[in-house]
Amino acid sequence: MTGEFHPPARILMGPGPSNADPRVLLAMAKPMVGHLDPEFIRIMNNLQDLLRHIFGTKNPLTIPISGTGSAGMEAAFVNVVEPGDRVLVLINGVFGERMADVAERCGANLRTLAAPWGQAFDLEAIEKELCAFQPRVLAIVHAETSTGVLQPLEEFSDMMKKHPDTLLLVDTVTSLGGHPVKVDEWGIDVCYSGTQKCLSCPPGLAPITFSARAMEKIKNRAKKVQSWYLDMNMVGKYWGSDRTYHHTAPISMTYALLEALRIIGEEGLGPRHERHRRNHLALVNGISAMGLSMLVDEPYRLWSLNAVSIPPGIDDPRLRKKLLEEYNLEIGGGLGTLKGKIWRVGLMGYSSNETNVLYFLTALEQALREQGFEVPKGAGANAAKEVFIKAQ
Ligand SMILES: *Cc1c(COP(=O)(O)O)cnc(C)c1O
């Protein structure tokens, strides 16, 4: 391959990555500076303030981990879990399963609580398990991207107050920037995310925050954190007041995240969440008007990731291939037990907009019709438009 390369400019409506904001991509083209340059340190401080704002926290150790969302997950577990610690992981999808795998690799005394894929956990079942097992860490996914389920966390802080020795660890990879996340108010001790979902950046950084209680656990570990790269005792010194070299910060990705957070600041968290909610509601209205249904029941649906049940008789790979090749549009298929059963339609960050909702519904109508599934002409897009008009 010689000369320039030209990847297609896709419309990304899958489970991530979503389309990066053009301003974010431009920020990545800015000049390189050293990772200890006074100007870069100013950028780091600014970025940390903005991260605290979207996480809803005052935690000093609030930083981007160098790596994707899974590195954030790994950093969360390796730091607060020591071999033999009791860890309770709630599993209702792929990312809960991944958490359990990571916890196990940390040598945790692991217990899991399962809910059917497509459903959220009720508080009573969790509390019962907390009382019986008394874990050091309770881990849960806020936005389960494999199923489109939102786990309400508003009532967790009261429950956690009754279990003062348990740290609450939460995955907000698909919620941060799309749904409200309130780390301090909800009593979360360790919370991580990723840049390529609702923050509209390329993949590459994992914002994370640790509470004072989590920091205490890390400081009082009997043994060193087994991962050198993700040890917060050391990484925290680079992002804290010492600024000592640990590993080279990914400079251009840091620019990208800074710009993404500045854009969120300009839009405002409230209006941004409302935009995600409105586009989700429009999509659901369109889906119902086309005679299709959603996997998840109403109060637990994510705004950022819509799980649409595939009607019987539809060839899933063929339909998604048509969307990609003819419409330049990427949506996701199901994972694990939901493979072939759902489409995962992302409306994340920059990609969550009215045009994308209407374009997807129109393209889906064509692709379904091609396979003999009759949809009244324009039904989906018209129903979505009704939601947009009402919201004006
Ligand atoms: C995408 C995702 C991850 C993993 O992030 P990567 O960037 O793919 O490493 C973890 N948890 C959830 C809920 C996700 O959606």
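Read the numbers this way: they start at 1 and go in the same order the structure lists the ligands and their atoms.
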| query | Between Asn79 (side chain) and Ala75 (backbone), is there a donor-acceptor pair under 3.5 Å? | reply | yes
| query | Do ligand 1 and Phe95 have nitrogen or oxygen atoms that lie under 3.5 Å from each other? | reply | no
| task | Flag yes if Leu26 and Leu47 sit in one hydrophobic cluster, no otherwise; membership is Ile, Leu, Val, Met, Phe, Trp, Tyr, and two members link when side-chain heavy atoms are under 4.5 Å apart. | result | no
| Polar atom proximity, Thr68 to ligand 1 (N or O, under 3.5 Å) | yes
| remark: Atoms of ligand 1 under 4.0 Å from any heavy atom of Ser70, numbered from 1 in the order shown, are 4 (C), 5 (O), 6 (P), 9 (O)
| query | Non-hydrogen atoms of Arg98 versus ligand 1: any pair closer than 4.0 Å? | reply | yes
| query | Among the heavy atoms of Ala143, does any lie under 4.0 Å from an atom of ligand 1? | reply | yes
| field | Polar atom proximity, Tyr192 to ligand 1 (N or O, under 3.5 Å) | value | no
| query | Thr174 heavy atoms, cut-off 4.0 Å: which ligand 1 atoms fall inside? | reply | 15 (O)
| query | Under the 6.0 Å and 45° cation-pi test, does Lys182 pair with Phe156? | reply | no
| query | Quick one: which ligand 1 atoms are inside 4.0 Å of a heavy atom on Gln196? | reply | 6 (P), 7 (O), 8 (O)
| task | Give a yes or no on whether Asp297 atom CG has more than 12 heavy-atom contacts from other residues, nucleotides or ligands under 6.0 Å away. | result | no
| query | Do His247 and Ser66 have a side chain donor and acceptor closer than 3.5 Å? | reply | yes
| remark: Shortest non-hydrogen pair, Val87 vs Ala108, comes out as CG2-CB, 3.6 Å
| said: Side chain or backbone, does Lys197 bring an N or O within less than 3.5 Å of an N or O on ligand 1? | reply: yes
| field | Nearest candidate to atom 15 (O) of ligand 1, where distance is taken over non-hydrogen atoms, out of Thr145, Leu305, Thr172, Asp171 | value | Thr145
| task | Return the orientation label for the His179 and His142 ring planes: parallel under 30°, perpendicular over 60°, tilted otherwise. | result | perpendicular
| task | For Gly69, take its heavy atoms, then give the atoms of ligand 1 lying under 4.0 Å from any of them. | result | 5 (O), 6 (P), 7 (O), 9 (O)
